[in-house]
Protein chains: 2
Amino acid sequence: MLSPQASGASRATGSLLLSNTAPAQALLLTENAALANGPPLLLQRLSLKEREEVLKEGQRRVVYRGKMLFSQGTPHDGIFLIESGRIRVFYIAPSGREITLAYWHAGNFVGGPELFGQGMHVWSGVAAANSVVVHLSGKALRGLIARMPALAIGLIEGLTFKGKCYSALAQMLGTRSVTERLAHLLLHLCDTYGVPEGDTVAIGTALTHADLAHMVGATRQWVTISLKRLQAQGILSTEKSKIVVHQLDALHAMRGGT
Amino acid sequence: MLSPQASGASRATGSLLLSNTAPAQALLLTENAALANGPPLLLQRLSLKEREEVLKEGQRRVVYRGKMLFSQGTPHDGIFLIESGRIRVFYIAPSGREITLAYWHAGNFVGGPELFGQGMHVWSGVAAANSVVVHLSGKALRGLIARMPALAIGLIEGLTFKGKCYSALAQMLGTRSVTERLAHLLLHLCDTYGVPEGDTVAIGTALTHADLAHMVGATRQWVTISLKRLQAQGILSTEKSKIVVHQLDALHAMRGGT
DNA sequence: CTCCGGCGGTGGATTAGTTGCCATGAAATG
DNA sequence: CATTTCATGGCAACTAATCCACCGCCGGAG
């Protein structure tokens with residue numbers, strides 16, 4: 001944990017204070033066009049002064065890649081505001097099957113499910129990259145909301161957005177085949193992380209087949225097979241931890257509607 | 001639509017004003033024990049006076065069983081507060097496959113996904129029983145929140161709850177087999193609507209196999225087959241639109257963990 | 001009474017997806 | 001440099017679940 005006066009911390013604070021100008025994004029599986037605009041950032045509507053006040057109430061914490069931020073089944077209190085990095089929120093069933101609910105980036109908050117209450121985490125959060133988060137306790141949140149209506153609006157917007165994400169995920173999982181979900185995910189990755197190269201788009205993010213599988217609710221092997229098929233059809237090609245999409249329209253077509 | 005001074009309307013208003021004492025429930029597919037306590041009701045934390053003020057801002061509307069309250073793809077504004085009845089919120093994929101997100105009962109609100117903005121509905125709402133709802137426009141909501149912090153808390157709690165529901169649904173769909181999901185749903189139905197009869201529990205709610213299928217994200221036939229199997233194992237028996245569960249523990253076992 | 005539409009129930013063919021296992025190569029670790 | 005770990009890939013057997021088609025039943029409406 002960094003002390004408030006450490007230079008690293010103040011730089012990080014700076015990035016949060018300015019986060020409404022940064023191109024923050026969440027990586028999630030959804031067909032909702034509205035989500036493409038990116039999620040609402042918690043402090044977006046606050047003045048600089050208010051932001052400082054909020055951050056002063058929180059505890060800054062560094063989470064290294066691969067480390068758990070919180071685990072399902074453990075008690076929780078309040079939320080974590082992401083200052084930098086990337087947090088993967090996921091759930092593991094007793095059978096061992098795992099589903100990724102979303103990857104959250106800077107400016108969003110994770111934790112919960114409740115904001116105030118002291119229930120149990122029903123999902124886990126792990127750092128997908130070295131991250132800095134600010135922990136806001138339920139008590140602190142309550143106090144802040146009372147004197148800062150814009151924060152309440154921010155929370156409502158954030159929760160609304162999460163609701164959209166999770167319901168969209170449920171829609172995908174409940175009504176689409178794995179192949180369709182995978183096509184959808186690839187398109188989403190193109191939008192979020194894609195680098196256009198001529199008329200192709202390269203996805204350079206280091207996501208393993210297992211990562212993809214967890215996002216679409218499938219097994220690793222099936223993702224491998226499906227990607228091979230797409231490759232055989234000439235729709236995409238893979239080069240060591242990089243996926244190059246050649247025919248976006250073909251992916252669109254097989255994504256099945258919308 | 002009933003005029004405010006109609007006796008039916010005032011009776012309905014009364015029921016809403018007292019709704020925190022009523023055993024309101026939502027029917028949803030989740031393994032989250034916290035949800036068993038029932039969802040937080042929107043007006044729960046408000047004084048009688050405040051409740052009246054909120055209802056005055058809304059437009060009361062009667063929706064008959066089977067009639068759509070709102071449809072995915074159409075523009076939306078604000079939310080619908082359920083005064084009585086039951087609203088099924090669901091999504092239909094272009095392929096025709098359908099997934100029920102939840103059944104919401106009196107005291108909860110549906111609509112959205114946003115509360116204020118004028119986006120498009122990303123899911124549909126249909127009356128599963130004759131219902132009375134109060135429409136609160138985004139504008140009205142904004143105004144009410146500003147002078148009624150308890151309403152903001154209510155909205156936050158409601159949204160948090162919906163987030164839990166939808167993420168739990170995604171968890172179920174992403175990590176459990178149809179059979180497990182069905183076992184889970186049956187247990188949930190026992191909790192919500194079940195009538196204990198000796199050491200068995202009867203579910204009398206008129207839910208067709210298709211309804212069940214939409215809730216667990218499966219086909220109607222598969223539900224029929226699965227129910228037949230459970231019946232063959234002596235775990236339950238069916239008598240014309242009534243399911244009697246004999247071995248709750250067996251269902252628990254096959255629901256797979258938690 | 002008859003017709004009709006929704007619902008439950010079956011069956012068979014087909015496919016989508018799983019499980020388990022083993023091989024390989026690259027990267028990280030000692 | 002040697003070793004281990006991890007990501008990818010391939011394969012065979014298996015089963016869960018879907019799809020399509022059809023049938024009979026029942027309750028309601030004309």
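Chain letters run A, B, ... following the sequence lines, proteins first and then strands; every chain starts at 1. Quantities reported herein were computed from a predicted structural model and do not represent experimental measurements.
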Exercise. B/S167: what forms a side-chain hydrogen bond (donor to acceptor under 3.5 Å, both in side chains) with it, not counting sequence neighbours?
Worked result: none
Seminar exercise, completed: With a 4.0 Å cut-off (strictly under) to non-hydrogen atoms of chain A, the first and last hit nts on DNA chain C, 5' to 3', are C/dA16 to C/dA27
Problem set entry | Qualifying salt bridge (Lys or Arg N to Asp or Glu O under 4.0 Å) pairs with a residue from residues 87-99 of chain B, counting only residues at least two apart or across chains | B/R88-B/E98
Exercise. According to the Watson-Crick and G-U wobble definition with distances under 3.5 Å, which dot-bracket string, read 5' to 3', encodes DNA chain D, using [ ] for crossing pairs and | for pairs with another strand?
Worked result: ||||||||||||||||||||||||||||||
Exercise. Just by protein heavy atoms under 4.0 Å, how would nucleotides 11-30 of chain D read 5' to 3' in B, S and -?
Worked result: -----SBBSBB---------
For this session: Please test B/V133 against B/L69 for side chain to side chain contact (heavy atoms under 4.5 Å, CB included), starting from the C-alpha separation and ending with a verdict.
Result: CA-CA 9 Å; B/V133 301; B/L69 180 56; 3.9 Å; yes
Problem set entry | Gap separating the CD atom of A/Q247 from the NE2 atom of A/H252, nearest 0.5 angstrom | 13.5 Å
Exercise. What is the distance from atom CG of B/L173 to atom CZ of B/R181, rounded to the nearest 0.5 Å?
Worked result: 5.0 Å
Exercise. So how far is it from A/C190 SG to A/L251 CG, rounded to the nearest 0.5 Å?
Worked result: 7.0 Å
For this session: Find the distance between CH2 (A/W222) and CZ (A/R229) and round it off to the nearest 0.5 Å.
Result: 4.5 Å
For this session: Please confirm whether A/F80 and A/W104 have ring centers closer than 6.0 angstrom.
Result: no
Exercise. Between A/F109 and A/K162, is there a cation-pi geometry (under 6.0 Å to ring centre, at most 45° from the normal)?
Worked result: yes
For this session: Mind checking side-chain contact (heavy atoms from CB on, under 4.5 Å) for B/T224 and listing every partner two or more places apart, or none if nothing turns up?
Result: B/H209, B/R220
